[in-house]
Chemist: 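My questions all concern the structure below.
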Amino acid sequence: MLSALQDLALSRGKEDLAQIIAVCWAIWHERNLSVLEGNHNSPQITAARATAIVESYRRIKQPKNPAMLTQRQSENKNWKLPPKNWFKVNVDAAVKMHDLQAGLGVVIRDSSSKIVSAAVQRICFRGNVACMDAEAVPFGIQAAHQAKCMPFIIESDSLEVVDLSKNRKRSMAEISWTIKEIQTSLKNQSQSSIQFVPRLCNSIAHSIAKVALQYEHPVLWLDDFPARILLTFSKFLYSKALLSYQKKKKKVC
């Protein structure tokens, strides 16, 4: 296989080689799903997954604009409160690749910053990380409805998922089915929206997503959080308070 790829590298361009490698990985991944879980996807989905992998890699490797990076880093460093009588639903996914598992985490806060609800769910890893980030959004919407936390704003640190949900870009990959579900759910909710938030402002949802990997079934909590979840919240709140204290100390000095 290695010699064949070396020959292709000499005879074909880098873009063709990248696509071939991605297709090989997607076929191997589909074979694992078929043998281990009995899932049988169509060849079109396999091809779409390979294309999505290449597109994601290219986006990561694109040269960044230093001025744009500086501006983005200076903005939205802190999580912001929702408008009065609104809720913010922060969602994220954590992936455990060697087990082909993903955890979905949801944290809902009111306009006073109080955590009023949280939810976790463990699912099988499918597609890529963006697909799992997308899966977290409908789960967050469902949690908000069950907790009666409306109207709400969904926050995700996946710019790709937010852009797709707002029709800023299109995709033929497997993620498109989940995006359609997100758009339909938000359309049915008269007062709701989705927006991008930097990872630093979404860290609490990511921490809960990691905890979700330890739960066999979906769980929704309303105020009465178990010790494990409270510990996760306390670590987040402590680090946030420590950061705020350090900033104040620098200003005094």
Side-chain angles (χ1 to χ4, degrees), residues 41 44-45 48-60 62 68 71-72 75-76 79-83 86-95 102-109 117-206 208-209 212 218 220:
N41 291 323
Q44 288 84 358
I45 290 179
R49 179 178 287 120
T51 301
I53 291 169
V54 175
E55 288 177 355
S56 298
Y57 178 79
R58 285 173 182 164
R59 280 195 298 272
I60 292 170
Q62 280 179 351
M68 186 178 296
Q71 182 180 0
R72 284 185 178 179
E75 295 176 351
N76 300 324
W79 181 83
K80 295 182 179 179
L81 293 171
W86 279 65
F87 297 86
K88 271 198 175 178
V89 184
N90 285 80
V91 301
D92 204 1
V95 175
L104 308 181
V106 177
V107 177
I108 304 177
R109 284 171 280 190
S117 182
V120 295
Q121 182 180 14
R122 187 177 69 186
I123 62 174
C124 294
F125 178 78
R126 299 184 298 273
N128 54 29
V129 175
C131 288
M132 297 298 94
D133 284 333
E135 291 285 351
V137 177
F139 182 55
I141 295 173
Q142 179 186 0
H145 278 280
Q146 291 179 349
K148 294 181 172 53
C149 295
M150 295 172 283
F152 59 81
I153 300 168
I154 297 286
E155 286 192 334
S156 168
D157 57 41
S158 173
L159 185 58
E160 180 177 6
V161 170
V162 173
D163 283 347
L164 287 168
S165 299
K166 290 188 169 185
N167 284 322
R168 291 174 181 166
K169 60 188 295 189
R170 294 187 178 183
S171 173
M172 297 301 292
E174 186 179 1
I175 193 176
S176 60
W177 297 102
T178 308
I179 296 299
K180 184 65 177 176
E181 181 184 353
I182 294 170
Q183 292 171 336
T184 302
S185 298
L186 293 176
K187 187 177 180 181
N188 292 337
Q189 179 69 33
S190 58
Q191 289 183 302
S192 64
S193 64
I194 183 171
Q195 64 187 30
F196 171 75
V197 64
R199 168 56 65 90
L200 184 64
C201 302
N202 207 39
S203 56
I204 190 169
H206 188 69
I208 294 298
L220 173 72

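Note that these values count all heavy atoms, side chains included, but never hydrogens, waters or copies made by symmetry.
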Chemist: Working to the nearest 0.5 angstrom, can you tell me the gap between Ile182 CD1 and Ile154 CD1?
Modeler: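 Rounded to the nearest 0.5 Å, the CD1-CD1 separation comes out at 8.5 Å.
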Chemist: Closest heavy-atom contact between Pro83 and Ile153?
Modeler: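 Minimum heavy-atom separation between Pro83 and Ile153: CD-CD1, 3.9 Å.
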Chemist: For residues Gln189 and Ile141, determine if any side-chain heavy atom of one lies less than 4.5 Å from a side-chain heavy atom of the other.
Modeler: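 Side chain of Gln189 against side chain of Ile141, heavy atoms only: no contact under 4.5 Å found.
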Chemist: Any side-chain heavy atom of Val120 within less than 4.5 Å of one from Ile208?
Modeler: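 Result yes, sub-4.5 Å side-chain heavy-atom pair found.
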Chemist: How close do Gly140 and Val89 get, counting heavy atoms only, and between which atoms?
Modeler: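 Smallest heavy-atom distance, with atoms named: O-CG1, 3.7 Å.
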Chemist: When Val161 is tested against each of Thr178, Val91, Ile175 for side chain to side chain contact (heavy atoms under 4.5 Å, CB included), which residue passes?
Modeler: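 Single pass found, and it is Ile175.
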Chemist: Please round to the nearest 0.5 Å and tell me the distance separating atom CD of Gln121 and atom CD of Gln142.
Modeler: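 Here the interatomic distance stands at 7.5 Å.
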Chemist: Can you name the closest pair of heavy atoms from Ala93 and Leu104 and give their distance?
Modeler: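 Of all heavy-atom pairs spanning Ala93 and Leu104, the closest is CB-CD2, 4.0 Å.
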Chemist: Give, for atom CH2 of Trp79 and atom OG of Ser203, the distance between the pair rounded to the nearest 0.5 Å.
Modeler: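 Here the rounded value is 11.5 Å.
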Chemist: SG/Cys131 to CD/Glu160 distance, rounded to the nearest 0.5 angstrom?
Modeler: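 CD of Glu160 is found 8.0 Å from SG of Cys131.
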Chemist: Which heavy atom in Ala144 sits nearest to a heavy atom in Met150, and how many Å separate them?
Modeler: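 Smallest heavy-atom distance, with atoms named: O-CG, 4.5 Å.
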Chemist: With rounding to the nearest 0.5 Å, note down the distance linking OG in Ser158 to CE in Met132.
Modeler: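 Nearest 0.5 Å value for the OG-CE distance: 11.5 Å.
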Chemist: Does any part of the side chain of Val197, heavy atoms only, come nearer than 4.5 Å to the side chain of Lys80, both counted from C-beta?
Modeler: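 Lys80 vs Val197: side chains apart.
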Chemist: Specify the closest pair of heavy atoms between Glu155 and Asn202, including all atoms of both residues, with the distance to one decimal.
Modeler: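 Answer, listing the atom of Glu155 first, then Asn202: O-OD1, 4.0 Å.
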Chemist: Is there a side chain to side chain contact (heavy atoms under 4.5 Å, CB included) between Arg109 and Ile204? Walk through the geometry before answering.
Modeler: CA-CA 11 Å; Arg109 284 171 280 190; Ile204 190 169; 3.6 Å; yes
Chemist: Of all heavy-atom pairs between Ala147 and Ile108, which one has the smallest distance, and what is that distance?
Modeler: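 Ala147 and Ile108 have their closest heavy atoms at CB-CD1, 4.5 Å.
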Chemist: Tell me which one of Glu181, Lys180, Lys187 satisfies side chain to side chain contact (heavy atoms under 4.5 Å, CB included) with Gln183.
Modeler: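 In the set Glu181, Lys180, Lys187, the residue that makes a side chain to side chain contact (heavy atoms under 4.5 Å, CB included) with Gln183 is Lys180.
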Chemist: I need the Lys169 NZ to Ile179 CD1 distance, nearest 0.5 Å.
Modeler: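 If I round to the nearest 0.5 Å, the distance is 10.0 Å.
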